[in-house]
Amino acid sequence: MAHSYSSSAILTTTIKFCLLFSLLLGMVSAQLSPTFYATSCPNALSTIKSAVNSAVSSEKRMGASLLRLHFHDCFVNGCDASVLLDDNSTFTGEKTAGPNNNSLRGFDVVDTIKSQLENICPGVVSCADILAVAARDSVVALGGTNWTVQLGRRDSTTASLTAANSNIPAPTLNLSGLLSAFSNKGFTAKELVALSGSHTIGQARCTVFRTRIYNETNIDSSFATSLKSNCPSTGGDNNLAPLDLTSPTSFDNAYFKNLISNKGLLHSDQQLFNGGSTDSQVNAYSSNSASFLTDFANAMVKMGNLSPLTGTSGQIRKNCRKTN
Ligand code: HEM
Ligand SMILES: *[C@@H]1O[C@H](CO)[C@@H](O)[C@H](O)[C@H]1NC(C)=O
Ligand SMILES: *[C@@H]1O[C@H](CO)[C@@H](O)[C@H](O)[C@H]1NC(C)=O
Ligand SMILES: *[C@@H]1O[C@H](CO)[C@@H](O)[C@H](O)[C@H]1NC(C)=O
Ligand SMILES: *[C@@H]1O[C@H](CO)[C@@H](O)[C@H](O)[C@H]1NC(C)=O
Ligand SMILES: *[C@@H]1O[C@H](CO)[C@@H](O)[C@H](O)[C@H]1NC(C)=O
């Protein structure tokens, strides 16, 4: 009898293996993976890339706007597409938060991508993953670096206006404020500098740089003067200026060179090179574009890992603007 097994012993062993297997599966599904859609939606990534390339070729700035959406999503309770939820009579999302109101753009591009994905693989690809992939494809489309996007994020059923107002750094912050806003999300000073290099593309409104060009002294005077014509001391709040005056549609390291010339557009930009602890890193990235691009890519992957919803939490929204 020593080598025979009762059917109940086999059953018990089978159940133990099943439990162990599902436990392992549960652990695995809590992690993001680059191949998450390989069988469930093999054309997901190429669909997003084509749509981003088409949007960026119509309007280069859209690449910047899509990159910023992922940042404003991830810094507010994680990368869960909370930033995409519309307000309605019974729900207040994040779109009217100070850093977002009249500022975020690209929602229509995300809607187009989502409807294409719902056509080919209904209910499979999350809005949070669309933002992560669109951010990468945008940087690549503007000549920047490539990285492997981790996938498998799910979408929130909630949003937080107060977290959006408190967690997204303001352009009025000084260096210590910037360092703590990023440290609160687990980022080092070096990563703050690398991620700020995003301001090598895109535009900002007069209202966010007016005080800098009229009242600050750590600014190149001809740079300040040239900006005043389109940003009067009163009025013209929504008039735009490029964050990187030299190459606003190229994802390069010119942003850091500008800072060294006191040509940062935002108060917060120039704080990274103003006699403080991050000056040396700005110098390093200004003279070594490859190290900037590598550190930027790694920091973007890290940002994309901020508190994702996985497994059975959250949902896959059918429409990125509202919960199912
Ligand atoms: C370091 C702290 C940061 C501050 C204080 C900040 C602030 C701002 C402000 C005020 C604007 C202009 C908004 C407007 O005029 O409506 C802007 C634009 C932009 N930000 Fe940041 N930002 C920061 C970091 C980042 C990061 C980490 C990213 C991406 C990873 C990013 C990506 C962008 C992009 C691409 C734009 C241009 C968007 C467009 O043209 O539509 N920013 N940022
Ligand atoms: C958002 O901007 C609109 C103008 O487009 C303004 O009427 C509204 O008061 C702003 N909301 C908040 C919360 O600041
Ligand atoms: C970027 O990297 C991804 C994944 O590593 C790869 O599939 C894609 O082909 C690369 N894109 C470009 C333009 O190099
Ligand atoms: C930075 O800003 C904070 C808050 O406004 C302020 O308390 C602090 O003194 C400032 N730090 C420096 C070095 O200016
Ligand atoms: C510049 O500073 C002065 C004095 O503090 C203030 O009255 C004025 O409103 C500021 N101007 C801008 C554009 O911030
Ligand atoms: C309002 O938005 C919330 C969040 O997307 C959604 O759950 C709810 O169904 C919406 N209500 C209406 C009336 O559309």
Side-chain angles (χ1 to χ4, degrees), residues 59-75 81-82 84-93 95 98-106 127 131 135-136 138-139 142 144 155-159 167-175 177-182 185 187 189 191-216 224 228 231-234 237-244 248-249 251 255 264-272 278 296-297 299-300 302-304 315 317-324:
E59 189 208 9
K60 298 266 190 173
R61 185 188 176 196
M62 191 52 72
S65 305
L66 291 169
L67 171 59
R68 189 169 184 235
L69 274 184
H70 183 46
F71 167 49
H72 285 213
D73 182 28
C74 295
F75 263 54
S82 55
L84 301 177
L85 292 173
D86 278 344
D87 285 7
N88 62 38
S89 56
T90 57
F91 181 87
T92 303
K95 289 186 174 179
N100 296 342
N101 199 25
N102 303 312
S103 183
L104 287 183
R105 52 205 298 285
C127 299
L131 292 180
R136 187 272 311 267
S138 292
V139 169
L142 295 175
D155 301 323
S156 71
T157 53
T158 58
N167 296 357
I168 299 170
T172 50
L173 291 178
N174 58 25
L175 180 58
L178 293 168
L179 287 166
S180 62
F182 277 70
K185 297 291 168 187
F187 292 102
E191 288 166 334
L192 159 66
V193 177
L195 288 170
S196 297
S198 294
H199 290 179
T200 182
I201 54 172
Q203 308 271 323
R205 293 167 303 150
C206 171
T207 186
V208 300
F209 62 81
R210 180 182 284 121
T211 300
R212 170 148 174 78
I213 64 174
Y214 286 95
N215 274 0
E216 295 190 355
K228 288 175 185 169
C231 182
S233 54
T234 56
D237 282 8
N238 295 323
N239 295 353
L240 297 173
L243 284 156
D244 165 8
T249 61
F251 200 95
Y255 169 79
L265 183 64
L266 307 180
H267 168 80
S268 50
D269 291 327
Q270 199 60 55
Q271 283 293 299
L272 301 177
T278 50
F296 179 79
M300 285 298 294
K302 182 168 168 177
M303 189 177 88
Q315 58 181 215
R317 281 182 219 145
K318 297 184 206 307
N319 173 344
C320 293
R321 293 176 181 268
K322 61 189 202 76
T323 62
N324 294 341

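Atoms within a ligand are numbered from 1 in the order they appear, just like the ligands themselves. Hydrogens, waters and symmetry mates are skipped; everything else that's a heavy atom, side chains included, is used.
The distance criterion of under 3.5 Å between nitrogen or oxygen atoms is not met by S196 with respect to ligand 1. Below 3.5 Å of separation, one finds no N or O of S268 facing any N or O of ligand 1. Looking at ligand 1, you'll find an N or O of R61 within less than 3.5 Å of one of its N or O atoms. Geometrically, ligand 6 and T323 share a nitrogen or oxygen pair separated by less than 3.5 Å. For a threshold of 3.5 Å applied to N or O pairs, the pair formed by S103 and ligand 1 contains at least one separation below that value.
Heavy-atom proximity to R210, at under 4.0 Å, picks out these atoms of ligand 5: 13 (C). Those atoms of ligand 1 with a heavy atom of A204 less than 4.0 angstrom away are 12 (C), 15 (O). Ligand 1 places these atoms under 4.0 Å from at least one heavy atom of P171: 5 (C), 10 (C). Ligand-side atoms of ligand 1 in range of L192: 1 (C), range being under 4.0 angstrom from any heavy atom.
For atom 3 (C) of ligand 1, the nearest non-hydrogen atom of the protein is P169 CG, 4.0 Å. For atom 2 (O) of ligand 5, the closest non-hydrogen atom on the protein side is N215 ND2, 2.2 Å.
Taking only non-hydrogen atoms, the option from T157, T90, N88, T92 nearest to atom 11 (N) of ligand 6 is N88.
By the side chain to side chain contact (heavy atoms under 4.5 Å, CB included) test, S196 is found to be paired with L192, Y255, L272, residues two or more places apart in sequence or in another chain being considered.
Both the backbone and the side chain of T211 come within contact range of ligand 5, each with a heavy atom under 4.0 Å.
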